[in-house]
Amino acid sequence: MKMVMPSWFDLMGLTPDAPEDEAGIKKAAENIKAIIEHEMKNGIPPNRIILGGFSQGGALSLYTALTCQHQLAGIVALSCWLPLHKAFPQAANNGVNKDIAILQCHGEMDPMIPVRFGALTAEKLKSVVTPTKVQFKTYPGVMHSSCPQEMMAVKEFIEKLLPRI
């Protein structure tokens with residue numbers, strides 16, 4: 001939005017119908033997929049990899065995992081949205097991650113990414129993956145940030161998906 005700052009891809013607007021930086025989103029997703037490939041070469045099986053992030057990082061985590069060719073363990077998506085949402089469910093890579101677990105959390109007072117966008121994203125995700133695999137948790141009074149209860153939910157989600165081996 002014409003502000004210079006570090007980011008994964010350019011943001012042209014923060015509404016569900018705003019134009020999106022498709023090339024930038026896809027390039028950033030390919031960068032994350034390269035990291036996944038690197039970790040796999042180092043012996044980490046993809047079903048022990050969780051992608052996650054906050055805001056733009058959470059958005060990229062959703063897009064990357066849902067278009068990934070490897071079956072991943074899960075996604076943590078905090079205060080975010082699904083980029084290129086109109087391309088789904090078709091963009092989901094042959095349903096490889098149809099059963100992926102998703103923890104989506106959102107502050108109810110978020111002025112940057114309103115909680116209703118999070119709710120719309122959760123509904124869209126239920127059309128892409130097994131609906132019972134999508135958890136959408138909201139936190140009263142929380143703005144575009146996190147809170148201890150949210151971090152506890154993330155901790156429990158990760159521990160459940162990736163038990164110690």
Side-chain angles (χ1 to χ4, degrees), residues 5-9 11 13-18 20 25 28-29 32-33 35-36 39 44-68 70-89 91-93 95-165:
M5 62 180 68
S7 67
W8 286 102
F9 50 87
L11 286 176
L14 291 172
T15 62
D17 57 346
E20 295 184 272
I25 292 164
I32 301 303
K33 289 174 187 176
I35 294 170
I36 293 168
E39 292 301 318
I44 307 293
N47 67 351
R48 300 271 310 162
I49 296 174
I50 296 174
L51 296 186
F54 178 85
S55 194
Q56 198 178 44
L60 182 59
S61 295
L62 286 170
Y63 182 83
T64 303
L66 295 175
T67 60
C68 186
H70 303 291
Q71 189 173 0
L72 304 176
I75 309 167
V76 174
L78 309 178
S79 302
C80 67
W81 69 97
L82 177 61
L84 305 177
H85 61 94
K86 292 176 184 155
F88 288 93
N93 191 7
V96 169
N97 282 301
K98 179 89 175 129
D99 290 320
I100 196 166
I102 301 173
L103 174 62
Q104 187 188 354
C105 300
H106 216 110
E108 291 180 7
M109 301 299 291
D110 190 334
M112 295 279 294
I113 314 295
V115 69
R116 79 177 179 88
F117 297 167
L120 289 169
T121 294
E123 288 309 305
K124 183 66 169 192
L125 291 171
K126 289 176 183 177
S127 76
V128 179
V129 304
T130 303
T132 56
K133 295 285 194 165
V134 178
Q135 294 180 61
F136 181 55
K137 298 178 181 261
T138 62
Y139 298 89
V142 176
M143 297 182 73
H144 194 62
S145 62
S146 186
C147 66
Q149 297 85 353
E150 183 181 58
M151 289 298 101
M152 186 55 69
V154 170
K155 179 181 183 285
E156 291 168 0
F157 180 77
I158 292 171
E159 287 174 342
K160 182 179 173 196
L161 286 182
L162 300 179
R164 294 190 187 276
I165 51 176

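Along the sequence shown, residues carry numbers from 1.
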Looking at every non-hydrogen atom in both residues, tell me the closest pair between [X] and [Y] and how far apart they are.
| X | Y | result |
| --- | --- | --- |
| His70 | Val96 | C-CG1, 3.6 Å |
| Ser145 | Ser79 | O-OG, 3.9 Å |
| Pro163 | Arg48 | O-NH1, 2.9 Å |
| Ala29 | Leu60 | N-CD1, 3.6 Å |
| Ile100 | Ala65 | CD1-CB, 4.2 Å |

To the closest 0.5 Å, what do you measure between [atom1] ([X]) and [atom2] ([Y])?
| X | Y | atom1 | atom2 | value |
| --- | --- | --- | --- | --- |
| Ile49 | Glu39 | CD1 | CD | 6.5 Å |
| Tyr139 | His106 | OH | NE2 | 12.0 Å |
| Leu125 | Thr130 | CG | OG1 | 12.0 Å |
| Leu78 | Ile113 | CG | CD1 | 12.5 Å |
| Met112 | Cys80 | CE | SG | 13.0 Å |
| Leu161 | Ile50 | CG | CD1 | 4.5 Å |

So, do [X] and [Y] sit near enough that their side-chain heavy atoms are less than 4.5 Å apart?
| X | Y | answer |
| --- | --- | --- |
| Leu66 | Leu82 | yes |
| Leu103 | Gln135 | yes |
| Glu123 | Phe136 | no |
| Thr67 | Phe88 | yes |
| Asn97 | Val129 | no |
| Glu156 | Met152 | yes |
| Leu51 | Tyr63 | no |
| Lys137 | Cys105 | yes |

request  = Determine yes or no for a side-chain-to-main-chain donor-acceptor pair under 3.5 angstrom, with Gln104 supplying the side chain and Val134 the backbone.
outcome  = no
query = Do any N or O atoms from the side chain of Ser61 and from the backbone of Gly52 form a donor-acceptor pair under 3.5 angstrom?
reply = yes
inquiry  = side-chain contact (heavy atoms from CB on, under 4.5 Å) for Thr121 and His85? Distances and angles first, verdict last.
reply    = CA-CA 8 Å; Thr121 294; His85 61 94; over 6 Å; no
task = State which residues pass salt bridge (Lys or Arg N to Asp or Glu O under 4.0 Å) with Lys133; sequence neighbours excluded, sorted by chain then number.
result = none
task = Start with the C-alpha distance between Val142 and Gln149, add both sets of side-chain angles, then the distance that settles side-chain contact (heavy atoms from CB on, under 4.5 Å), and finish with yes or no.
result = CA-CA 11 Å; Val142 176; Gln149 297 85 353; over 6 Å; no
